[in-house]
Amino acid sequence: MKNLLVTGGAGFIGANFVHYMLAQHDYRVVVFDKLTYAGNLNNLKDIANDPRYAFVHGDICDAGAVTKAMQDYQIDTIVNFAAETHVDRSILNPDAFIQTDVYGTYVLLEAARQFDVERYHQVSTDEVYGHIAEGKRSRESDPVAPRSPYAASKTSGDLLVKAYFVTYGLPVTISRGSNNVGPYQYPEKVVPLFATNAMEGKPLPLYGDGRQMRDYQYVLDHCEAIDLVLHRGGVGEIYNIGTGTELENIAMVRIILETLHKPESLIQPVADRPGHDRRYALDISKVKALGWMPQYTPPEAIRKTVQWYMENEWWWRPIKAGDFRAYYERQYGERLRASQKS
Ligand code: NAD
Ligand code: TYD
């Protein structure tokens, strides 16, 4: 493993992974990214002059561009973070999700096969398992049961990756991560949205009864586990990555408000997300058996993240002042007005 292609490396987890890998190893790291609304070169600003890093502006659905990057940089390992990633946007408009998360994965798998890579790693999500009943935890061998267009598109990607392993013997691994929090997360996902709204004195739109449960892991824990899976994971295997403990959304909101010393009156219950999965919960024993342990609990991860947003207004204020405003109105305008009336 010498020359890594990190697709989606200008996004939240991808950028943290690039930082992590350059700090841990002496590899060449080539970011291949379309720079959608979620991609941001500010996320990679502090490594821009590292001679081991290169950036290619491209779409993973464009086979010619992918092939050129593979050739130009003699890529031997692909780590695929590139995706449309937000459940709410997938409900508003699924099209880009099917393109990137399904067709784009196919294009990368074909390139991996053509260039005979040492490893193709697919970054996936716990959402492929669907809603998990109290008392249960998802294991890697469980059937998939996605329920949102986002989850269904990610599941389709996973199935293609598995098929390329079985059919062509491509050396693949898949990781299924729980909700990540940390630096550089686009402020549409719940923790950065609520932290920045609270800093701006705006309401925090909490869906439904706020009792949904998520496993909020710190992004660098996730990156460390992916690195471990790349080096020690079994070919053809899937690994769940998370903390193995969940928080209700209402508890997550209270941690954010306490960290910021803001009042609970900012919480505004709004109409629920259609098909909202109530609980995700992972069994993480398989990745732990490789010798990994998360360093941060969900409350610690959330506090550390809120702290970062407090200290890095330069990063998020321009995002929230831009195209984000149109999305916010479309997603929350009616919901917030309706809940104020009731
Ligand atoms: P993100 O939305 O912050 O970033 C996605 C990146 O992919 C952006 O830089 C974007 O420009 C790029 N991209 C999108 N379409 C592309 C295309 N067609 N070609 C090239 N680049 C493209 O996402 P994230 O939160 O960093 O998630 C990264 C990966 O991790 C995704 O595959 C996601 O499904 C998975 N994941 C995320 C979480 C989470 O909590 N954020 C949890 C588990 C798994
Ligand atoms: P999100 O960050 O969108 O991640 P995912 O849906 O992929 O888990 O949402 C995390 C949880 O927070 C989820 O249960 C939905 C809830 N949520 C709200 O209550 N209000 C919001 O405005 C958002 C974005 C999410």
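This chain uses plain numbering: 1 for the first residue, then up along the sequence. Both ligands and their constituent atoms are indexed starting at 1 by order of listing.
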Closest non-hydrogen protein atom to atom 11 (O) of ligand 1, residue and atom name please, with distance?
D33 OD1, 2.6 Å
Closest protein heavy atom to atom 21 (N) of ligand 1, given as residue, atom name and distance to 0.1 Å:
K34 N, 3.0 Å
Quick check, are the ring centers of W316 and Y186 under 6.0 angstrom apart?
no
Within-shell test, G104 vs ligand 1, heavy atom, strictly < 4.0 Å
no
Would the distance check show the side chain of E300 and the main-chain N or O of T297 forming a donor-acceptor pair, the cut-off being under 3.5 Å?
yes
For atom 43 (C) of ligand 1, what's the nearest protein heavy atom and its distance?
G177 O, 3.3 Å
Is it true that K288 and D283 have a side-chain N and a carboxylate O under 4.0 angstrom from each other?
no
Could an N or O of ligand 1 be found under 3.5 Å from any N or O of N40, whether backbone or side chain?
no
Nitrogen or oxygen of V190 less than 3.5 angstrom from that of ligand 2
yes
Hey, is H86 one of the residues with a heavy atom under 4.0 angstrom from ligand 2?
yes
Residue-ligand contact Y150/ligand 1, heavy atom below 4.0 Å:
yes
Should G58 be listed as contacting ligand 1, given a heavy-atom distance under 4.0 Å as the test?
yes
Quiz item: cation-pi between R89 and Y37, 6.0 Å / 45°
yes
Go through the steps to decide whether H121 and T77 satisfy the test side chain to side chain donor-acceptor pair (under 3.5 Å), and finish with yes or no.
CA-CA 8 Å; H121 183 77; T77 303; over 6 Å; no
I'd like to know if the side chain of D33 and the backbone of A10 have a donor-acceptor N/O pair within less than 3.5 Å.
yes
For ligand 2, is M213 a contact, meaning one of its heavy atoms is under 4.0 Å away?
no
Which residue and non-hydrogen atom of the protein lie closest to atom 2 (O) of ligand 1, and at what distance in Å?
T85 OG1, 2.7 Å
Considering only the protein, which heavy-atom contact is closest to atom 6 (O) of ligand 2, and what is its distance?
R273 NH1, 2.5 Å
Could you tell me if K2 sits above the aromatic ring of Y27, with its cationic atom closer than 6.0 Å to the ring centre and no more than 45 degrees from the axis?
no
Any Lys/Arg nitrogen of R176 or D126 sitting under 4.0 Å from an Asp/Glu carboxylate oxygen of the other?
no
Any N or O on D59 sitting closer than 3.5 Å to an N or O of ligand 1?
yes
Relative to W315, does K320 satisfy both conditions: NZ or CZ under 6.0 angstrom from the six-membered ring centre, and within 45 degrees of the ring's axis?
no
Starting from atom 10 (C) of ligand 1, what is the nearest protein heavy atom, named by residue and atom, and what distance separates them?
T36 OG1, 3.3 Å
Top protein contact for atom 22 (O) of ligand 2, by heavy-atom distance:
Y332 OH, 2.7 Å
Quick one: does T7 get a heavy atom under 4.0 Å from ligand 1?
no
The reported gap from CD in Q24 to CZ in F17 (rounded to nearest 0.5 angstrom) is 10.5 Å
One pair to check against side-chain contact (heavy atoms from CB on, under 4.5 Å): D215 and N179. What are the steps and the verdict?
CA-CA 6 Å; D215 173 349; N179 291 57; over 6 Å; no
Is it true that E246 and R137 have a side-chain N and a carboxylate O under 4.0 angstrom from each other?
yes
Heavy atom under 4.0 Å from ligand 1: found in R176's side chain, backbone, both, or neither?
neither
Looking only at distance, does T100 have an N or O less than 3.5 Å from an N or O of ligand 1?
yes
Candidates V56, V123, V31; heavy atom nearest atom 30 (O) of ligand 1 found on V123
Whether A15 lies under 4.0 Å from ligand 1, heavy atom
no
Is R211 salt-bridged to D209, going by a charged N under 4.0 Å from an acidic O?
no
When you measure from atom 19 (O) of ligand 2 to every protein heavy atom, which one gives the shortest distance, and what is it?
Y207 N, 2.8 Å
When distances are taken from atom 5 (C) of ligand 1, the protein heavy atom at minimum range is A83 O, 3.5 Å
Does any N or O of ligand 2 fall below 3.5 Å from an N or O anywhere on E188, backbone included?
no
Any N or O of H276 that comes nearer than 3.5 Å to an N or O of ligand 2?
yes
Between D62 and A65, is there a donor-acceptor pair closer than 3.5 Å when you use the side chain of the first and the backbone of the second?
yes
Among all the protein's non-hydrogen atoms, which is closest to atom 16 (C) of ligand 2, and how far away is it?
N249 ND2, 3.5 Å
Under 4.0 Å from a heavy atom of Q212: give me the atoms of ligand 2 that qualify, with their elements.
14 (O)
E248/R214 ion pair, N-O < 4.0 Å:
no
Consider ligand 2: state whether an atom of it lies below 4.0 angstrom from any non-hydrogen atom of Y150.
no
Any nitrogen or oxygen of E84, main chain or side chain, under 3.5 Å from a nitrogen or oxygen of ligand 1?
no
At under 4.0 Å between heavy atoms, which part of L35 makes contact with ligand 1: side chain, backbone, both or neither?
backbone
Identify the protein heavy atom lying closest to atom 7 (O) of ligand 2, giving its residue, its atom name and the separation to 0.1 Å.
E127 OE2, 2.5 Å
Test your reading of the structure: does F81 have an N or O sitting under 3.5 Å from an N or O of ligand 1?
yes
Measuring from non-hydrogen atoms of Y328 to any atom of ligand 2, is the shortest distance under 4.0 Å?
no
For ligand 2, is there an N or O atom under 3.5 Å from any N or O atom of K189?
no
The closest protein heavy-atom partner of atom 36 (N) of ligand 1 is I13 CD1, 3.9 Å
For atom 25 (O) of ligand 1, what is the nearest protein heavy atom, given as residue, atom name and distance?
F12 CD2, 3.6 Å
Give the residue and atom name of whichever protein heavy atom lies nearest to atom 8 (O) of ligand 2, and the separation in Å to one decimal.
R214 NE, 2.7 Å
Taking only non-hydrogen atoms of A96, do any sit less than 4.0 angstrom from ligand 1?
no
Run the salt-bridge test on R147 and D277 with the 4.0 Å N-O cut-off and return the result as yes or no.
yes
Note: E334-R337 ion pair, threshold 4.0 Å (strictly below):
yes
So which heavy atom in the protein is nearest atom 4 (O) of ligand 2, and how far is it from that ligand atom?
N179 ND2, 3.3 Å
Looking only at distances, can you tell me whether any N or O atom of P205, backbone or side chain, sits closer than 3.5 Å to an N or O atom of ligand 2?
yes
